[in-house]
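Worksheet: the structure to be examined is printed underneath.
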Amino acid sequence: MLDYKKLIASKIKAPLETAELLSMITETADDSFGDYAFPCFRLARVMHMSPAQIAEKLCAETELDEHIVKVQAVNGYLNFFVNRSELIREVISDVFAARGKYGNSDMGCGKTVCIDYSSVNICKSFHIGHLSTTAIGSALYKIYSALGYKVVGINHLGDYGTQFGKMIVAFKLWGDRKTAEREGVGELQRLYVKFHQEEPSHPELTEQAREWFARIEKGDPEALELFELFKRITLDEVKTVYDRLNVKFDSWNGESFFNDKMDAPLQMLRDKGLITESQGAQIVDLTDYGMPPCLLVKSDGSSLYATRDIAAAIWRKREYDFDKCLYVVAYQQNLHFKQFFKVLELAGLDWAKDLVHVAFGMVSLEDGAMSTRKGNVVLLKDVIDKSVAKAKEIISQKNPDLADRDKVAEQVGVGAVLFSALENSRIKDIVFSYDRVLNFDGETSPYLQYTYARCNSILEKAGDYKSSKIPGDYRVLDDPETLRLIKLIGSFPQAVKDAAAKYEPSVISALLIDIAQAFNRFYIEHRVLSDDLTEQNARLQVVEVTASVLKRGLALLGIEAPDKM
Ligand code: ARG
């Protein structure tokens, strides 16, 4: 779509910088006041006239053309009317020309973005606390790819730490391979809990765990073999969930990958005089920046989470030469990211400014179950299963004859879970409710999918309609509902860019809801199938572009759109 704001800004003869003019032009809420408005109040002081007089003066000076067909001065505002049938023609032809990839751009060509997301922990269950990082990270992956960026999806596995020494002790005492293979992470968790129950009365366990951990670090074959077993069992389980969510990674280099890559970064920080000793530990003092020190080496010589993240950032920069590296991690880790970003900045690495912590809020379930409650975690898999089962129930009631019912239920149930993490500004805490996310009439993904399927069924009923040529003139569509719908569709490409710039998939989800609602209003007010073929064809094109943008938008959020529902 033509950049109308820019065009209008070039027409306003006011003593302001273009950027400022641009920022003042807004879309009108009521199209009887035109399509765009410019308030003149701020100019009063500069131009020494009343806002109403200024509006009159600017109005008289504005030159019209084939895009801006009318301008009015009303109560200190300048109202612009665009050539609406031209705008509709443009949006429809843009969507058709994009062939299902509307909103794509090449703005990111030649640039690389690393996205660290999901980043699960070995031997720990994949619980609902991982939903947001997985959904948001994966959506950002798709959004940046659509904008032409090369994207590297990284699962920075939590696969290092003294807990693995405890796991080995527990496994050797009370576990066996068969049970572990069969029961999966649940069994590993059970062993881990047992270790902590037994430890107080059997203090020798602590020492044994320490020894086994040391053996992992030294690369002892037996220790490594067991560790690899735990890792495989965990990842097998996690990957079945990723497959259902259609989530992919390009790298699984986690914490342990950096075991042998920390010396050089530490030496570099030492050489720059950043590291000081404090009670035997090595730290970077951050008092001047209002933060506690960043602990890098413990007094026993072992490294920390931050040490590995510093090594990882340096390694990623060298390996991928990223323009940006995003970390999609809960806001509880705010301090950690601020600290290690600061350390890299103090080290004089100018790319430290390209590291971004994409923080998000907590997920809890309606019934009060929290993602982190000890021993009572809510598995992401169980949430998906339940959502799919409920979706299936609803679909069976609404459309008992639907073919592919299981597949559609999976798409709807999975979509609802993903959408719950993508519908609001990411920093908000989420209270997950099955009834709410599966409400087909609510602001939900089933509603979007349902609207998409409805568009398809209209197109199907139209018989031999094929998206035919773009007529030169869409005057038949001159009504407020169509105009509103088309304008929203026209704003989709910008929304994709905004979502990327703000790391906020919710910019897209909110627009999709607006589009679906606008479509349903359009459909209530206007007969699509009619005897007037010119009118019918134009309206069918509106239906087709709506379907296209809904499908595309959902895909960018990682959600599939079944053709029939
Ligand atoms: N595994 C960590 C956790 O579950 C998240 C890791 C995030 N990524 C990172 N580079 N620190 O809390």
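Order of appearance sets the numbers: ligands from 1, and atoms from 1 within every ligand.
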Within the side chain of [X], is there an N or O that forms a donor-acceptor pair under 3.5 Å with the backbone of [Y]?
| X | Y | value |
| --- | --- | --- |
| D429 | M362 | yes |
| T134 | H130 | yes |
| H202 | E204 | no |

Look only at interatomic distance and state if [X] has a nitrogen or oxygen under 3.5 Å from any nitrogen or oxygen of ligand 1.
| X | result |
| --- | --- |
| S119 | yes |
| H130 | no |
| D309 | yes |
| Q333 | yes |

Checklist entry - In this structure, which one of V247, D250, L326 forms a side chain to side chain contact (heavy atoms under 4.5 Å, CB included) with Y141? => result D250

Checklist entry - Can you list the ligand 1 atoms lying under 4.0 Å from a non-hydrogen atom of Y327? => result 10 (N)

Closest approach of any protein heavy atom to [atom], naming residue and atom:
| atom | result |
| --- | --- |
| atom 6 (C) of ligand 1 | Y305 OH, 3.3 Å |
| atom 8 (N) of ligand 1 | D116 OD1, 3.1 Å |
| atom 4 (O) of ligand 1 | N121 ND2, 3.0 Å |

Item to check | Nearest heavy atoms of L418 and L557, plus distance in Å | outcome: CD1-O, 4.4 Å

Item to check | Charged N-O contact under 4.0 Å between D321 and K317 | outcome: yes

Checklist outcome for this item: With heavy atoms and a 4.0 Å threshold, my read on which part of L157 contacts ligand 1 is neither

Checklist entry - Can you find a side-chain donor-acceptor pair between N253 and R316 that sits under 3.5 Å? => result no

